[in-house]
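Beneath this line is the structure, given in structure tokens, with notes to follow.
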There are 2 protein chains.
Amino acid sequence: MSTSLSTAPGDLRSGLGRNLTYGMLDALGRAIVTGQYETQPFPTEAELAKQHGVSRSVTREAVKMLTAKGLLSARPRQGTVVQPASSWNLFDTDVLRWLLERQFSVELLRQFSQLRIAIEPEAAALAAQFGTAEDLRQISAGLARMEAAERGMDDTLDADIAFHVAVLRASGNPFYAQFRDMVATALRTSIRFTNRIKGRTASVADHAAVRDAIAAKDPAKARTAMRSLIGDVVELIDAADGSEAA
Amino acid sequence: MSTSLSTAPGDLRSGLGRNLTYGMLDALGRAIVTGQYETQPFPTEAELAKQHGVSRSVTREAVKMLTAKGLLSARPRQGTVVQPASSWNLFDTDVLRWLLERQFSVELLRQFSQLRIAIEPEAAALAAQFGTAEDLRQISAGLARMEAAERGMDDTLDADIAFHVAVLRASGNPFYAQFRDMVATALRTSIRFTNRIKGRTASVADHAAVRDAIAAKDPAKARTAMRSLIGDVVELIDAADGSEAA
DNA sequence: CAACCCCGATATATCCGATAAATGAACCAG
DNA sequence: CTGGTTCATTTATCGGATATATCGGGGTTG
């Protein structure tokens, strides 16, 4: 945000997104979730276009995408208004990323981890019941990457993500699989906290226990193993929160 | 001008949505999830506009919204293409509604209920821990409506939805609360199956057990009570599926 | 004085036509 | 046959005109 005002009315091309519309989507999305329009009214379509130096077409399309994600609502005469946060689609990876990237929001990360406590153990149980041989191979591959990362042969974070994503996919349920991108996004953000607290090699042994339970087709054991895994994450976040506040 | 041409190719105004763009969003969303573009390529922006009798602006904005929901992807020269179902945002109420309203949706309903088994019991446990007096009042109100519905004084489905939504909100976690619209959508669809199977007055006693556990601040009991509740739904869906296939 | 209706101001919605940029394929040169 | 170039197609972007919805004011009327 340091260069937002100085580099002309808008530098949307260099921002994330392959074109002006996506650049504006990202800029507006960030601005909305960081509460920049809580004190001032959301600009009109014409004002937005002028402020960012783009055409009304680009502006309207960006606004329409934000509307589709639940952040905005537009009506004639009334103008475009920011929707209350309760109607934002938190399961949209863009929205979640904007939320997590703002002022390191530990509270949000804790709440998301609370959700993971519900999702991932059940996904592991389903994987133990219905997972195919290929699914198990993918999970084992993720675990192998974590072991390799311990020896410095792979990236710790990527390996951790690969493991959790593999379990979610192995559930065979598209709704669980949907959490793939969200868990990846959240992990990439959370690593900034958790890594700072302790060496935290993301206990490979605990992950192996999950894999073994799934391989043994033991849903109950897979569920509890995964639950303790995520439980550790929550404790870690709480610890980070404490040190942050101090 | 709306009298002669618009009624034949596409009557987007009468369809859901307050304007042409939302009408086209709904029409295209339905067409995509029902697989109408699995055999034929997705039309170009110009073709879409002509087919539906609207301007390119409307077309582009509808496409952009579908892109935001993960259903489409557009690139110059290549054209606009339907994304694989794995990248669709299933937690978007529009997408979920389109999916549930299409023909073979029993399987999807079962998978969504599998997700509810993970979500709602945990939400009930959180509600028992952190729910406020007002939250409990809302839950009790939902239960009261269910009892009233048994006596024909209220709508059974609306009352059921109100109860589950109240529990989700009482969790105090925005991610759990987010399932509000999805559960409502799914319940409205599932009623078509579950109601057909048996009288099914959605056992008020079981719902009362959940409320009582939350009122008693007993997370474990709230969790198991809610779990058995959703478990019944799954069994009902399975039964409906069996009778459908027979 | 109060209720109602009409009108104007304002913002989005829609249409349109032109130009720019990206990109894959056909084409041509070496 | 290889490699770069041209070309055609499609989305991206621009901007101006018109239509439509909606709120608020002001005048009229009971």
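Throughout, a chain's letter reflects where its sequence line sits, starting with A, and its residues are numbered from 1.
- Whole-Å rounding puts the Q78(B) CD to dA12(D) C1' distance at 15 Å.
- The base of dA8(D) sits within donor-acceptor range of the side chain of R77(B), with an N or O pair under 3.5 Å.
- K64(A) places its NZ atom 8 Å from the C1' atom of dT12(C), with the value rounded to the nearest Å.
- The pair D26(A)-R97(A) counts as a salt bridge, with a side-chain nitrogen and a carboxylate oxygen less than 4.0 angstrom apart.
- With values rounded to the nearest 0.5 angstrom, N173(A) atom CG is found 10.0 Å from F112(B) atom CZ.
- For T21(A), a side-chain nitrogen or oxygen approaches OP1 or OP2 of dT13(D) to under 4.0 Å.
- Across the interface with DNA chain D, nearest-nucleotide mapping of A74(B) and R56(A) shows A74(B) to be the residue nearer the 5′ end.
- Across the protein-nucleic acid pair, L20(A) atom CG and dA22(C) atom P stand 10 Å apart, rounded to whole Å.
- Here the C1' atom of nucleotide dT12(C) and the CD atom of E47(A) are 13 Å apart, to the nearest Å.
- The nearest whole Å value for the distance from the CG atom in L48(A) to the P atom in dC14(D) is 14 Å.
- You'll find that the side chain of R75(B) is closest to dT23(C), out of dC14(D), dT14(C), dT23(C).
- With distances taken from any side-chain atom of R60(A) to the nucleotides dA13(C), dT13(D), dA17(D), the minimum falls on dA13(C).
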Show the numbers, then the answer: is there a side-chain contact (heavy atoms from CB on, under 4.5 Å) between E45(B) and V63(B)? CA-CA 9 Å; E45(B) 164 188 316; V63(B) 166; over 6 Å; no
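- We find that D158(B) and R188(B) are joined by a salt bridge, their nearest charged nitrogen and carboxylate oxygen being less than 4.0 Å apart.
- Between E61(B) and P76(B), the residue whose closest nucleotide on DNA chain C is further toward the 5' end is E61(B).
- Between H52(B) atom NE2 and dC15(C) atom P the separation is 13 Å, expressed in whole Å.
- Contacts of T44(B) with the nucleic acid, taken as non-hydrogen atoms under 4.0 Å apart, involve only primed sugar atoms and P, OP1 or OP2.
- Atom-to-atom, CZ of R18(B) to P of dA13(C) comes out at 7 Å; the value is rounded to the nearest Å.
- Note: CE (M65(A)) to C1' (dT11(D)) measures 13 Å, nearest angstrom.
- Phosphate proximity of dT14(C) to S55(B): absent, as no side-chain N or O sits under 4.0 Å from OP1 or OP2.
- Taking the charged nitrogens against the carboxylate oxygens, K64(B) and E61(B) have no contact shorter than 4.0 Å, which rules out a salt bridge.
- Between E45(B) and S57(B), the residue whose closest nucleotide on DNA chain D is further toward the 5' end is E45(B).
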